[in-house]
Amino acid sequence: MSGNTARLNAISAVINYKPISKPLNFAETPSQEVFSQNVFSLEVMKQRLPKAVYKSLVKTIAEGKPLDISTADVVAAAMKDWAIEKGATHYAHVFYPLTGLTAEKHDSFLSPNGGGTAVTEFSGEQLIQGEPDGSSFPTGGIRATFEARGYTAWDVTSPAYILENPNGTTLCIPTAFVSWTGEALDKKTPLLRSMKALNVQAQRILKLFGHDDGALVTATAGPEQEYFLIDRHFYLARPDLMTAGRTLFGAKPPKGQELEDHYFGAIPERVLACMLEAEREMYKLGVPVKTRHNEVAPAQYEIAPMYENANVAADHQQLIMATLKRVAEKYGMVCMLHEKPFAGVNGSGKHLNFSFGNASQGNLLEPGDTPHENARFLVFCAAIIRAVDKYAPLLRGAIASASNDHRLGANEAPPAIMSIFLGDQLTDVYEQIKAGGAKSSKAKDVLLVGVDTMPELPKHSGDRNRTSPFAFTGNKFEFRAVGSSQSIAGPLVVLNTIVAESLDYVATKLEAATGDFAEAVQAVLQEIMVTHGRVIFNGDGYSEAWHKEAEARGLPNLRTTVDALPALASPEAVALFEKYNVLTARESKSRVDVKLEQYVKEVHVEASLTAEIARTMIYPAAVRYQNELAATAANLKAAGLRADTSTLQEVTKLVDCLKQSVDELDLAAKHESATILAEAEHIRDAILPAMGVVRSYADSLEGIVADDLWPLPTYQEMLFIK
């Protein structure tokens, strides 16, 4: 049997692919009628709840007021009836543990009544609180195995929804997840706390500007999700993709993304069919997905939702990832969310668009046409500039992972250096402030296309910068360094908290100022620009020159996860999170411990897998080819003909080097460290480089060994055969 049987079978299956289900009839029900049909939305609550109960819930959601527990039974009854009408048999408290994934515990509505029949029950108590195991998820030492009690608590600000299955539906209730001691074991709880902190400090600034109606200031988010789709047969023939989520081996194909022919190109029919159904499913769940397109790398795509409440956006982001994975399988494909599944082509990020505002004042990062005259905007924006500079290590730590390390700093992702792109107009305004006072703003222009039939196009006051990790894009900041597989809750917690601290700093300065308020504002803005303006950079973040300049400016460059994670539990970080009641010292430390543990476990799995694939798949294929070459040379010599043994010599050398490099990787992986941080450092300094050496020899062999012997689907096949 040839070594590439699995490859040939996979290629044949892709070529002969046929849909496994009938196409959806999109004309039967318009999208606007589908949207939120499976969500227990405000509109549904208005129809089904008594007025007093409905108003109480709206007050909690819109104003952040405490939930009136007495209304829970009424809400639970209405929610149960609505869910059962939609076919639900069970309800689930959905929560987001420190794995970064989604977890759920299902319970039936049915309860036996003792007479051989059953009734459906769902009380306010069951709605408000559940009890999953608090020690079986990673906790960073907060919970031991013998301390198992944990609680899920209903998050009324994120709507319940129905999750459909071919055999029924489930009522899903977004919840927070805390331990018996009240400590946060999840992503949601700190996010809600940080949003509260941001609101408190933003209110102080608004009050100084005469806006004291108290309308809740809410962080908003709109994360753009990049992902890869490849045929499931290729995926199943690659043990590295199945287990590690990325290819540990793979020679660069003759064609990658060099021709820039995939980006925004025509979406392949099968992929588009998958996208359309995935979007339809998301519409049902109220996820406001807006944009879809081909991304830069072959087989890479993007989906982007509209901006919404940051907490809801984080929940919806988890639904987007789950839905993409689930629907892709229906179309015989696998959705890969790893940050770098294929070396040599663009990896995937999750560009997190961030802003904040309230119902009274709208988006507080809207500069207007003359930002130099918009003092309120300049204060909020300057606070963010200060926050990013002062807490750059925290931002870097928030997006740190083993998988994101492969992407950051490559030609599709910003470097690990945290800097801000403001664009020409705002940079000019803040430079004027730094020099003594802003007097003008660069005006917006029009763009003449040069075609008579086309109108003049309004031109933005500044360009965009794809190389910046934190870029202002008109009325929001885009945090481009977030990884594609990450929950956005962690980065949002850091963003909300550091911005809250900066707003606190500015408000304290302005509240204590005497004399003219405008002069006090100018003084604070000038001080921020003098001290923190170094973080503003509008140039090419990919260039080596920027790395040197950033070092000269004193900006930190935490290149790896191991460098970055300790910042999350530094004394400064602990004090920050404790001051704003976002994380206790123990909660901060637990998150670093969990992230380090995930890093160590993830790379150890990859190292073991690298050795296994090299030893049991690549090495045997290379030896078979070596034997073929040797036999051919011997036969030629026996026939009295000249035998060219140069390829045999090259293969022999690579086979020997491969074997030796695997042995060295095994030795590096057996190392035992005294602490989890020391083990992570050993992985960074020894195991990952050893894996790279093994890969280099294996990838060289892929370019030489006969194709009929090579056991793994190649990059050329996986990325281009659709």
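The basis for the numbers below is simple: all heavy atoms, side chains too, and nothing from hydrogens, waters or symmetry mates. Note that the numbering runs from 1 along the sequence shown for the chain.
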Classify the side-chain pair Ser348/Gln300 by whether it contains a donor and acceptor separated by less than 3.5 Å.
yes
Min side-chain heavy-atom separation Phe472-Ile420 under 4.5 Å
no
Tell me whether Arg246 contacts the main-chain N or O of His406 through its side chain, where contact means a donor paired with an acceptor under 3.5 Å.
no
Does CD in Gln32 sit with more than 12 non-hydrogen atoms of other residues, nucleotides or ligands closer than 6.0 Å?
yes
Mark yes or no for whether Thr170, through its side chain, and His90, through its backbone, hold a donor-acceptor pair below 3.5 Å.
no
Look up atom OH in Tyr307 and atom CG in Asn353, then write down how far apart they are to the nearest 0.5 Å.
4.0 Å
Under 4.5 Å between any side-chain heavy atoms of Tyr301 and Asn294, yes or no?
yes
Backbone of Ile320 reached by a side-chain donor or acceptor of Thr323 within 3.5 Å:
no
When you compare the side chains of Thr427 and Asn538, does any donor N or O come within less than 3.5 Å of an acceptor on the partner?
yes
Between Tyr161 and Leu319, is a side chain to side chain contact (heavy atoms under 4.5 Å, CB included) present by the stated rule, with each step listed?
CA-CA 11 Å; Tyr161 56 90; Leu319 281 173; 3.7 Å; yes
How many angstroms lie between atom CD1 of Ile498 and atom CG of Leu395, to the nearest 0.5 angstrom?
4.0 Å
Step-by-step side chain to side chain contact (heavy atoms under 4.5 Å, CB included) determination, Asp405 to Tyr599
CA-CA 11 Å; Asp405 279 357; Tyr599 177 88; 4.1 Å; yes
Exercise: do Ser485 and Glu339 side chains pair donor with acceptor under 3.5 Å
yes
Would you sort out whether Thr157 and Asn309 count as a side chain to side chain contact (heavy atoms under 4.5 Å, CB included), showing the intermediate values?
CA-CA 9 Å; Thr157 64; Asn309 174 294; 5.7 Å; no
Kindly assign one of parallel, tilted or perpendicular to the pair Trp546 and Phe537, based on the angle between their ring planes and the thresholds 30° and 60°.
parallel
So, the side chain of Thr175 versus the backbone of Val94: is there a donor-acceptor pair under 3.5 Å, distance only?
yes
The reported gap from NZ in Lys188 to CG in Asp155 (rounded to nearest 0.5 angstrom) is 3.5 Å
Result for ring-ring contact (aromatic ring centres under 6.0 Å, His included) between Tyr715 and one of Phe234, Phe342, Phe228 points to Phe342
Does any N or O in the side chain of Arg238 come within less than 3.5 Å of the main-chain N or O of Thr714, such that one atom is a donor and the other an acceptor?
no
Does Met242 reach the side chain of Leu236, with side-chain heavy atoms less than 4.5 Å apart?
yes
Taking the side chain as C-beta and beyond, is there a heavy-atom pair between Pro371 and Leu426 under 4.5 Å?
yes
With rounding to the nearest 0.5 angstrom, report the CE to OH distance, Met321 to Tyr227.
13.5 Å
I'd like to know whether Lys284 forms a salt bridge (Lys or Arg N to Asp or Glu O under 4.0 Å) with Glu281, so could you lay out the CA-CA distance, the side-chain angles of the two residues, the decisive distance to 0.1 Å, and finally the verdict.
CA-CA 5 Å; Lys284 292 178 185 177; Glu281 292 301 303; 3.2 Å; yes
Do His338 and Lys340 make a side-chain contact, defined as non-hydrogen atoms from C-beta onward lying under 4.5 Å apart?
yes
So, Arg232 side chain and Lys330 main chain: donor-acceptor pair closer than 3.5 Å or not?
no
Under 6.0 Å from the NZ atom of Lys325, do we count more than 12 heavy atoms belonging to anything else shown?
yes
Distance-only, no hydrogens or angles: does the Glu104 side chain make a donor-acceptor pair with backbone N or O of Ala92 under 3.5 Å?
no
Which atom of Ala400 lies closest to which atom of Lys595, heavy atoms considered
O-NZ, 3.6 Å
Counting only N and O atoms by type, is there a donor-acceptor contact under 3.5 Å from the side chain of Arg396 to the main-chain atoms of Leu558?
yes
For residues Ala221 and Leu352, report the shortest heavy-atom separation together with the two atoms involved.
CB-CD1, 3.9 Å
Got more than 12 heavy atoms from elsewhere within 6.0 Å of NZ, Lys255?
yes
Donor-acceptor pair, Asn496 side chain versus Leu198 backbone, under 3.5 Å?
no
Donor-acceptor pair between Gln318 and Thr102 side chains, under 3.5 angstrom
yes
Are more than 12 heavy atoms from other residues, nucleotides or ligands located less than 6.0 Å from atom CZ of Arg559?
no
Can you confirm whether Gln225 sits close enough to Leu324 that some side-chain heavy atom of one is under 4.5 Å from a side-chain heavy atom of the other?
yes
Could you measure the distance from the CG atom of Asp186 to the CZ atom of Phe95? Nearest 0.5 Å is fine.
9.0 Å
Working note: Thr291 + Glu224, criterion side chain to side chain contact (heavy atoms under 4.5 Å, CB included); need CA distance, chi angles, decisive distance, verdict.
CA-CA 9 Å; Thr291 302; Glu224 305 164 21; over 6 Å; no
Measure across Glu366 and Gly474 and return the closest heavy-atom pair with its distance rounded to 0.1 Å.
OE2-O, 4.5 Å
Report the relative orientation of the aromatic rings in Phe477 and Phe470; use parallel for angles under 30°, tilted for 30 to 60°, perpendicular for over 60°.
parallel
Would you check if there is a donor-acceptor pair between the side chains of Asn38 and Glu164 at a distance under 3.5 Å?
yes
Tell me, do Asp315 and Tyr96 make a side-chain contact under 4.5 Å, heavy atoms counted?
yes
Minimum heavy-atom separation for Thr169 to Gly87, with atom names?
OG1-C, 2.9 Å
Shortest non-hydrogen contact from Leu171 to Ala88?
N-CB, 4.2 Å
Just wondering, do Val217 and Asn199 contact through their side chains at under 4.5 Å, heavy atoms?
yes
Minimum heavy-atom distance between Ser403 and Glu602, given as atom pair plus value:
N-OE2, 3.7 Å
With Lys350 as partner, the option from Gln317, Gln486, Glu226 fulfilling side chain to side chain donor-acceptor pair (under 3.5 Å) is Gln317
Quick check against the 3.5 Å criterion: does Asn404 have a side-chain atom that pairs as donor or acceptor with the backbone of Ala481?
yes
Just by distance, with hydrogens left out, do Asn311 and Ser158 show a side-chain donor and acceptor under 3.5 Å apart?
no
Rounded to the nearest 0.5 Å, how far apart are CG of Leu229 and CE of Met333?
5.0 Å
